[in-house]
Structure formats: C-alpha cells, structure tokens
Amino acid sequence: METTAAILEKAHQRADEMELPYKGALLPMEAYRILQESAQAQLVDVRSHAEFDWVGRIPGAIEIELRAYPGMQPNPDFLDQLVKQVDKTSPVLFICRSGSRSNQAAIMATQSGFTDCYNILEGFEGDRDEQGQRGKASGWKVAGLPWVQS
C-alpha cells in the first residue's frame with residue numbers, strides 16, 4: 001500500500017506533466033486515502049445543488065457551488081464562501097462531476113492564496129461510457145467510495 005507521501009508525490013508529478021498551476025492531481029482512490037489519513041485535508045465538492053440532490057453527496061464534503069443550476073451561471077461568491085469554510089494552508093481537494101469544474105476551482109483557489117490545492121481527476125461520476133452515460137466507467141462512485149443519495 002502506498003504511503004500518503006508517495007501518493008502526494010505522484011499527484012504533484014501529474015500536475016507538472018499536465019502543466020497545472022496547483023499542487024497536484026489525484027485519482028479518486030488516492031484522494032480518499034489522503035482524506036482518511038490526513039486530519040487537515042478538506043474535500044470541497046463544487047457541483048451544483050441540483051447535482052447534490054439528484055445524483056448524490058459525499059459525506060463530510062464541504063459543498064460550494066462553482067456554477068449554479070439551471071444555466072450553470074458562475075457563483076460570484078465562490079471564493080468568499082471558500083475562504084469562510086476552508087483553511088488556506090490545509091490540503092484542499094476539489095471534486096465535481098468529471099474533473100473540469102474542480103480543475104477551475106483549484107486554479108481559482110491557488111490564485112487566491114490557497115497553497116495546497118488538488119483536483120480529483122475523473123470527478124464524482126467520471127467520463128461517459130460508450131452509451132454516453134456517466135457513473136459507469138470511472139470516478140468516485142465507480143471506485144466504490146462513500147456517497148449517499150438524497
């Protein structure tokens with residue numbers, strides 16, 4: 001079993017290879033291990049309230065919409081809400097549906113002075129499969145990690 005340090009180093013190497021401006025990029029299982037082993041690590045789910053209600057929630061995640069449903073308009077208070085709920089110096093792991101919005105959130109947080117930001121690749125539902133459906137090929141749910149249906 002990989003150590004936390006090894007997981008974080010691998011995440012940092014991925015971020016370098018992908019030319020990302022934040023600390024690292026984690027796979028769902030790696031993110032879960034970090035959350036289990038680090039009391040300071042915080043999970044921020046940036047999906048919309050509709051996604052939380054209809055698709056599922058991750059127990060213990062801090063829920064801050066990056067974009068609001070319907071219309072997926074940007075949340076103008078995202079950074080203010082983040083600052084009020086998350087320590088800027090703690091590891092912050094961002095997740096969304098597929099890894100795209102969480103990538104944006106990690107970039108925004110890093111630019112705003114958060115020093116230890118990570119994106120969770122694949123997100124909660126992962127990529128689309130051959131039938132165009134999410135939640136079957138990759139992601140937090142497919143990895144069998146904890147989540148609840150509202």
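The basis for the numbers below is simple: all heavy atoms, side chains too, and nothing from hydrogens, waters or symmetry mates.
- Partners of Arg101 under the salt bridge (charged side-chain N to carboxylate O under 4.0 Å, His left out) rule, at least two apart in sequence or in another chain, are Glu51.
- In terms of modelled atom types and a separation under 3.5 Å, the side chain of Ser48 and the main chain of Tyr69 share no donor-acceptor contact.
- Here Lys10 pairs with Glu2 under the salt bridge (charged side-chain N to carboxylate O under 4.0 Å, His left out) rule; sequence neighbours left out.
- If you take CZ on Arg97 and OG on Ser102, they are separated by 11.0 Å, rounding to the nearest 0.5 Å.
- Nearest heavy atoms, Leu93 versus Ala41: CD1-CB, 4.4 Å.
- To the nearest 0.5 Å, the span separating OG on Ser100 from CG on Leu66 amounts to 9.5 Å.
- Contact between Ile120 and Ala31 at its shortest, heavy atoms only, is CD1-CB, 3.6 Å.
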With a 3.5 Å cut-off and sequence neighbours excluded, list the donor-acceptor pairs that the side chains of residues 15-27 form with protein atoms.
{"residue": "Tyr22", "atom": "OH", "partner": "Asn103", "partner atom": "OD1", "Å": "2.5"}
{"residue": "Lys23", "atom": "NZ", "partner": "Asp116", "partner atom": "OD1", "Å": "3.4"}

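- For Arg134, the side chain to side chain donor-acceptor pair (under 3.5 Å) test picks out no residue, with sequence neighbours left out.
- For the pair Val55 and Lys141, the tightest heavy-atom approach, listed with the atom from each and the gap, is O-NZ, 3.8 Å.
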* Yes or no on side chain to side chain contact (heavy atoms under 4.5 Å, CB included) for Gln42 and Ile62, after CA distance, side-chain angles and deciding distance? -> CA-CA 8 Å; Gln42 299 173 78; Ile62 298 165; 3.7 Å; yes
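- Hydrophobic clustering places Ile95 together with Leu145 (ILVMFWY residues linked when any side-chain heavy atoms are closer than 4.5 Å, directly or through intermediates).
- Under 4.0 Å is where a charged nitrogen must lie from a carboxylate oxygen, and between Arg14 and Glu30 at least one such pair does.
- Side-chain atoms of Gln133 and Lys136, non-hydrogen and from C-beta on, do get closer than 4.5 Å to each other.
- One distance of note links SG of Cys96 with CZ of Arg67; it measures 11.0 Å at 0.5 Å rounding.
- Between Phe124 and Phe52, every side-chain heavy-atom pair lies at or beyond the 4.5 Å cut-off.
- Residues Met108 and Phe78 have side chains in contact (heavy-atom distance under 4.5 Å, counting atoms from C-beta outward).
- Taking all atoms of both residues into account, the shortest heavy-atom contact from Gly135 to Val142 is O-CG2, 3.3 Å.
- Using a 4.5 Å cut-off on side-chain heavy atoms (C-beta onward), Pro146 and Ile58 make no contact.
- Listed by chain and number, the residues in a salt bridge (charged side-chain N to carboxylate O under 4.0 Å, His left out) with Glu9 amount to none (sequence neighbours excluded).
- Considering every non-hydrogen atom in both Val148 and Pro59, the closest pair reads CG1-CG, 4.1 Å.
- Here the side chains of Asn119 and Leu121 are in contact, with some heavy-atom distance below 4.5 Å.
- Taking CZ from Arg33 and CG from Leu8, the interatomic distance works out to 10.0 Å, rounded to the nearest 0.5 Å.
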* Apply the test side chain to side chain contact (heavy atoms under 4.5 Å, CB included) to residues Asn75 and Gln81: give CA-CA distance (whole Å), side-chain angles for both, the deciding distance (0.1 Å), then the verdict. => CA-CA 10 Å; Asn75 173 4; Gln81 293 170 349; 3.0 Å; yes
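- Without hydrogens or angle criteria, Asp77 side chain to Asp80 main chain gives no donor-acceptor distance under 3.5 Å.
- Counting heavy atoms from C-beta outward, Arg57 and Asp45 have side chains that stay 4.5 Å or more apart.
- Here the side chains of Ile64 and Gln85 are in contact, with some heavy-atom distance below 4.5 Å.
- With sequence neighbours excluded, the residues that form a side chain to side chain donor-acceptor pair (under 3.5 Å) with Asp87 are Thr89, Ser90.
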* Begin with the C-alpha distance, continue with both residues' side-chain angles, and end with the deciding distance and a verdict on side-chain hydrogen bond (donor to acceptor under 3.5 Å, both in side chains) for Glu37 and Thr4. => CA-CA 7 Å; Glu37 295 178 16; Thr4 301; 2.4 Å; yes
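- Separating the CD atom in Glu63 from the CG atom in Leu43 is a distance of 9.5 Å, to the nearest 0.5 Å.
- Put simply, Trp147 and Tyr32 are part of the same group of oily side chains (I, L, V, M, F, W, Y) that touch within less than 4.5 Å, one to the next.
- How far CH2 of Trp54 is from CZ of Arg47: 13.0 Å, rounded to the nearest 0.5 Å.
- Shortest non-hydrogen contact noted between Val86 and Val44 is CG2-CG2, 3.8 Å.
- The shortest side-chain heavy-atom distance between Phe94 and Cys117 falls under the 4.5 Å cut-off.
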